[in-house]
There are 2 protein chains.
Amino acid sequence: MFSQSEENYIKAIYHLAVDSSVKGISTNAIAKKLATKASSVTDMIKKLSEKKVVVYKKYQGVTLTDFGKKTATNIIRKHRLWEVFLVEKLNFSWDEVHEVAEQLEHIKSPKLINELDIFLGFPKRDPHGDPIPDSEGNLQIIEKSLLAVLNKGEEGICVGVDDTSSEFLQFLDKQGIALGKRIKVIEKEPFDGSFLIQLEDKELSISNKIANNLYIQK
Amino acid sequence: MFSQSEENYIKAIYHLAVDSSVKGISTNAIAKKLATKASSVTDMIKKLSEKKVVVYKKYQGVTLTDFGKKTATNIIRKHRLWEVFLVEKLNFSWDEVHEVAEQLEHIKSPKLINELDIFLGFPKRDPHGDPIPDSEGNLQIIEKSLLAVLNKGEEGICVGVDDTSSEFLQFLDKQGIALGKRIKVIEKEPFDGSFLIQLEDKELSISNKIANNLYIQK
DNA sequence: AATAATTTTTAGACATGGCTAAAAATTATA
DNA sequence: TATAATTTTTAGCCATGTCTAAAAATTATT
C-alpha cells in the first residue's frame with residue numbers, strides 16, 4: 001500500500017515518462033511537476049526504489065518498473081472514473097473536476113472503483129477525452145490529431161484537450177465546444193493561422209493557439 | 001481546514017459526548033475509541049484546544065465548542081451521505097460501507113457534498129438508520145425505541161441498529177430484516193426473553209439480544 | 001581541457017502524529 | 001486520612017515528508 005505522497009510521485013513520473021518519452025525522468029522535472037524541491041524528490045525516489053516501484057541510479061533519473069507502471073495506471077483509472085462521475089452525475093463542469101479527483105483517487109477500495117465503473121457504464125474516456133485504463137491497467141491508444149493539422153474541408157469529432165486549465169476549458173464551454181461535437185474546417189487563414197470552423201449549425205473563428213490544443217478523431 | 005487525524009478526533013469526541021452525555025470526555029475514552037494511546041490524545045487535544053475546537057483543562061477531559069460541534073456534524077453528514085451512495089448506487093451491503101466511508105468523509109469539497117445530497121434525493125437516514133445532518137449541521141431527532149421494549153401485539157418500522165458489526169448486520173440480512181421493514185411482536189417468551197415476530201408474511205423467532213439491538217419507530 | 005553553470009545529492013533541521021516510560025495529579029480504598 | 005490504584009500529562013524518541021544550504025557530480029562553455 002502506498003501513501004498519498006508516494007502515489008502522487010508515481011503518477012507524476014508516469015505522466016512525465018509518457019509525454020517526454022525519454023528513458024530517465026530527472027529529479028528536477030519531478031520537482032517542478034509536483035511543486036516541490038529537488039532534494040525532497042531525491043529522498044522520495046530512494047524510498048520508491050526500495051519498494052521496487054522505480055529503477056534509480058544516482059544522477060541518472062528514474063524509470064518506472066512494470067509494477068510501478070501498473071500502480072500508476074491504477075491511480076489514473078481511479079482519477080478519471082471519478083472525473084466522469086463528477087461531471088455526469090454531480091453536475092461538475094470539466095474545469096472543476098480535477099482538484100476533487102486528485103483527492104478521490106487516493107481512496108483505497110477495489111470494490112468501490114469496480115462498482116463505480118459499472119455504475120457509470122464502463123466509460124472509455126474522462127471528461128477531457130483522456131482514455132480510462134481498464135482494471136488490468138491497459139490503456140487503449142486513441143487515434144487522435146490536433147485540430148490544427150486538419151486541412152480545409154476535413155472534419156472530425158472533438159475527443160480531447162491538451163491544455164486543461166480552467167481558462168481554456170471555460171472558453172471552450174462558452175464557444176459551445178465540447179467532447180463529442182463534430183467540427184469541420186471551413187477555412188484556414190494563412191495570415192494568423194486561425195481557423196473558420198463549422199460547429200453544429202453555426203460557424204465560428206478560432207485562433208491557431210486554440211486549434212493546437214484541441215484533439216480531433218477523424 | 002483540519003487534517004484527517006484532527007477530523008477523526010473531533011468525530012470521536014462528538015460521538016462519545018452524544019452517547020455518554022457526560023460533560024467532559026476523558027483522555028482514556030478517546031484513546032480507546034481511536035485505538036491509540038492516552039499520551040497521543042493529550043497532544044492532539046492541546047492542538048484542538050488552540051484551534052478553538054474543544055475546551056480543555058488539564059485532567060478534566062474535553063468538551064466540543066459550538067464550532068467543534070458544527071465541524072463534527074459536518075464530517076458525520078459526509079460520512080452518512082457517502083454510506084447512502086455506496087449502498088444505493090454501488091451495491092455495497094450495509095456491513096461493507098463503514099470502512100470506505102471513513103476515507104470518503106475526509107474529502108474536501110463543499111460542492112461535492114451538496115451535489116451528492118441532491119443526487120441522492122436528500123436522504124434523511126443512512127443505511128443503518130442514523131439521521132443525516134443538514135448542511136447547517138442540524139440533526140433531526142428521531143423517536144425510536146428498542147424492539148425489546150415493545151409489548152405483545154405492538155408493531156413498528158425498523159429504523160436502525162445499535163450494534164453495527166458485520167456479524168450482526170449479516171445476520172439481519174439472512175433473516176430478511178432490513179430498514180423500513182414492518183415488524184410485529186406476536187409473542188414474548190418470558191423464559192429467555194426471546195421474541196416471536198411477524199416480518200412480512202412469515203413468523204420468526206429472535207433472541208433477546210437481537211431485540212436489544214434493533215430500533216423501531218412506532 | 002579547464003572553468004563555469006547547472007543539476008543532483010547530502011546533511012541537518014522542522015512539523016505532524018505517533019509511541020514508551022516516568023512523573024504528576026486525581027480518585028478509590030483501607 | 002493516608003496509601004494504593006488509576007488516570008493523565010510530560011519528556012524524549014521515532015517515522016514521514018518537507019525544507020534550506022552546502023557539497024558533489026554532471027553538463028556546457030570558452
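A, B, ... follow the sequence lines: proteins, then strands. Residue 1 opens every chain.
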Is the shortest side-chain N/O distance from [X] to OP1 or OP2 of [N] below 4.0 Å?
{"X": "A/Lys46", "N": "C/dT9", "value": "no"}
{"X": "A/Ser39", "N": "D/dC19", "value": "no"}
{"X": "A/Thr42", "N": "C/dT9", "value": "yes"}
{"X": "B/Tyr9", "N": "C/dT16", "value": "no"}
{"X": "A/Lys58", "N": "D/dA24", "value": "no"}
{"X": "A/Lys37", "N": "D/dT20", "value": "yes"}
{"X": "A/Tyr59", "N": "C/dT6", "value": "no"}
{"X": "B/Thr36", "N": "C/dC19", "value": "yes"}

Note to self: Considering every strand and a 4.0 Å limit on heavy-atom distances, what is the contact class for A/Ser5: base, sugar-phosphate, or nothing?
What the structure shows: sugar-phosphate
Next item on the list: Quick one: label A/Thr27 by what it contacts on the DNA or RNA (base, sugar-phosphate, nothing), any heavy atom closer than 4.0 Å.
Entry: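 Sugar-phosphate only.
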[X] [atom1] to [N] [atom2]: how many Å, rounded?
{"X": "B/Glu6", "N": "C/dA15", "atom1": "CD", "atom2": "C1'", "answer": "12 Å"}
{"X": "B/Asp43", "N": "D/dC13", "atom1": "CG", "atom2": "C1'", "answer": "12 Å"}
{"X": "A/Lys57", "N": "D/dA25", "atom1": "NZ", "atom2": "P", "answer": "17 Å"}
{"X": "A/Leu48", "N": "D/dT16", "atom1": "CG", "atom2": "P", "answer": "12 Å"}
{"X": "B/Phe2", "N": "C/dT16", "atom1": "CZ", "atom2": "P", "answer": "14 Å"}
{"X": "B/Gln60", "N": "C/dA25", "atom1": "CD", "atom2": "C1'", "answer": "11 Å"}
{"X": "B/Glu7", "N": "C/dT16", "atom1": "CD", "atom2": "P", "answer": "16 Å"}
{"X": "A/Lys32", "N": "C/dT6", "atom1": "NZ", "atom2": "P", "answer": "14 Å"}

Check: Taking the six-membered ring for Trp, is the centroid-to-centroid distance between A/His128 and A/His98 below 6.0 Å?
Finding: no
Item checked: Test of ring centre spacing under 6.0 Å for B/Phe85 and A/Phe85 -> yes
Next item on the list: Quick one: sort the A/Trp82 and B/Trp82 rings into parallel, tilted or perpendicular, breaks at 30° and 60°.
Entry: perpendicular
Item checked: Nearest listed nucleotide, side chain of A/Ser26, among D/dT9, C/dT8, D/dT20 ->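 My answer, after comparing the listed nucleotides, is C/dT8.
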Item checked: Nearest to side-chain heavy atoms of A/Asn28, which nucleotide of D/dT8, C/dA21, C/dT7 ->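 For A/Asn28, the side-chain atoms sit closest to C/dT7.
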Next item on the list: Answer yes or no: is there an ion pair linking B/Glu136 with B/Arg77, defined by an N-O contact shorter than 4.0 Å?
Entry: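 So B/Glu136 does not pair with B/Arg77 through a salt bridge.
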Check: Quick one: CZ on B/Phe119 to CG on B/Leu112, what's the gap to the nearest 0.5 Å?
Finding: 12.0 Å
